[in-house]
Structure formats: C-alpha cells, structure tokens
Amino acid sequence: MIENDFQNQNTFTIIPLSEGSFTVDKTKIFQPFEINKDHLQQRPVGSLLVEVQPFVIITSKDILLIDTGLGFSKNGELQIHSNLKANGIQPDQITKVLMSHLHKDHAGGISKMDKLGNYHLSFPNARYYVQQKEFEFAMETGFPSFMSEEISVLQNHPQVEWLNGDGMIDNSIQYHITSAHSPFHQVFWINEGNHKLFFGGDDAPQLQQMKNKFIAKYDFDGKKCMELRQQWWQQGKAEGWTFLFYHDTKTPIFEAQ
Ligand SMILES: [Zn+2]
C-alpha cells in the first residue's frame with residue numbers, strides 16, 4: 001500500500017457516515033440498537049443486526065455519496081445532512097449520488113419534505129445515478145421495502161441520470177447490474193490512479209459474508225449473491241481492492257491484499 005501511494009499521488013478520502021446500528025426483522029422496520037446496551041436475543045427471532053452507513057468518497061474530481069441512508073430527521077434536519085456537516089462537507093458540495101438500489105434503508109435520504117409536504121432532492125447540485133428498472137420496480141412494489149413517496153421525486157427530474165444495464169461514468173466509475181440482492185441492484189467500482197474501490201451494496205453488505213459461504217433468505221437470488229461475494233473476494237484480494245461495507249457494524253472499510 002505504501003508503495004502504491006508513493007507511485008501515485010492520486011488517492012481517495014473515504015468517510016463512512018454511520019446512522020447507527022439497527023435490528024431488522026420480517027416487518028422490515030429498523031429498530032435502533034445500542035451495541036453496549038441492547039441484546040440481540042431480546043429482539044424478534046430472525047432479527048439481523050446491521051449498521052446503516054452511506055459513504056462519502058472524495059476523489060480528484062468529485063465529492064461522491066454512495067447510497068443515502070434511512071432518511072431519518074432530527075430537529076428538522078436529515079441525519080445524512082448533519083453527518084456530512086460534522087465532517088466539514090455541505091450537502092450542496094456533493095457532486096454525484098450513486099444509488100446501489102432503492103430499498104428504504106439506502107434511499108431514504110434521497111429527498112426531503114418541505115413544510116408543505118412536497119419532496120425535493122436533498123443534494124441540490126448532485127447528479128443522481130439510478131438504474132431505470134430499479135426505479136420502476138420500486139414504484140411498482142412500494143411499501144414496506146420501498147418508500148414510493150420519497151423516491152417518486154426522481155421521476156423526470158433533470159438531476160437524475162437514468163442508467164440501463166452496465167457502464168462507466170466519467171471513465172472512472174464502473175457500474176454493473178447483478179440481479180442478486182434485488183432484481184436491478186447495481187454495484188460500483190471507483191478507480192483513482194492505481195486504486196480500486198468496490199461498493200457491493202447489499203450484494204456484499206458485511207465483511208463476514210465475504211469470508212463465509214452464506215445464503216441469505218432476504219435476497220432475491222441468495223445463491224447468486226453468495227457466488228458473487230466469493231468471486232469479488234478472490235479478485236479483490238488479488239488486486240488489492242478497498243471494500244466498503246454498508247451494513248458492517250465493525251469494519252466499514254477493508255483494504256484487501
Ligand atoms: Zn436492500
């Protein structure tokens with residue numbers, strides 16, 4: 001890693017924006033969970049313990065945001081806005097918002113409601129990168145997995161770049177549809193100099209799932225998720241990727257080597 005930095009001045013700044021730990025069960029309600037105080041056994045059977053954690057990536061060109069959190073507000077301010085400001089970043093400085101998929105724990109911060117009850121995109125100067133079919137699927141499916149009202153503002157919005165299938169943004173951000181965790185879920189590789197950063201969204205949500213063979217019931221195609229994780233893990237270790245884990249309570253960033 002030191003060698004890489006030496007060869008190449010270009011690198012990322014990565015800022016995880018944790019919104020806390022939660023348990024989630026069949027009801028798909030996210031219940032706050034304090035690791036030092038609460039006990040997983042006291043939550044409904046089958047509850048999963050997850051972090052909810054969007055990431056800011058500062059590259060030479062952009063201030064990227066990857067996924068947008070739950071969209072909860074405190075004192076009238078979106079949590080993702082206060083978390084950004086706590087890191088010295090204003091919401092209007094975000095240049096691109098990359099969306100892995102539109103489940104409510106990833107897309108809640110896409111928009112915010114004004115006093116009249118109208119929704120506006122919460123990053124006024126950003127381009128939003130969303131798979132067209134994911135949006136259609138989300139609007140069709142709705143509650144409780146998706147919050148149609150919060151995401152409906154994307155429709156016909158001039159700030160949205162509708163993606164169809166696989167491709168590349170600005171020659172540096174690669175996106176790929178996996179149809180694994182959800183039918184139109186996409187993952188991203190962000191390239192800067194020699195560095196490759198990988199965001200697998202809910203196809204690869206936690207470090208432990210990369211290391212163990214594990215098929216999750218909540219995935220659209222659990223077997224495909226597992227196979228992809230193994231493939232990415234092998235390739236990532238061979239090529240020294242930096243992995244970002246949206247739902248990992250302990251290891252949001254992992255440098256593979
Ligand atoms: Zn999801």
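Both ligands and their constituent atoms are indexed starting at 1 by order of listing. Starting from 1, each residue takes its place in the sequence as its number.
His101 contributes atom NE2 as its closest N/O/S atom to the Zn ion (ligand 1). The nearest N/O/S atom of Asp202 to the Zn ion (ligand 1) is OD2. Of all the N, O or S atoms in His103, the one closest to the Zn ion (ligand 1) is ND1.
Between the side chains of Ser100 and Gln186, no donor-acceptor pair is found at a separation under 3.5 Å.
Using a 4.0 Å cut-off between charged side-chain N and carboxylate O, Asp203 and Lys224 make no salt bridge.
Within the 2.8 Å limit, His185 places no N, O or S atom next to the Zn ion (ligand 1).
Residues Tyr129 and Ile173 form no side-chain contact, since every pair of their non-hydrogen atoms from C-beta on lies 4.5 Å or further apart.
With rounding to the nearest 0.5 Å, the separation of CD1 in Ile215 from SG in Cys225 is 9.5 Å.
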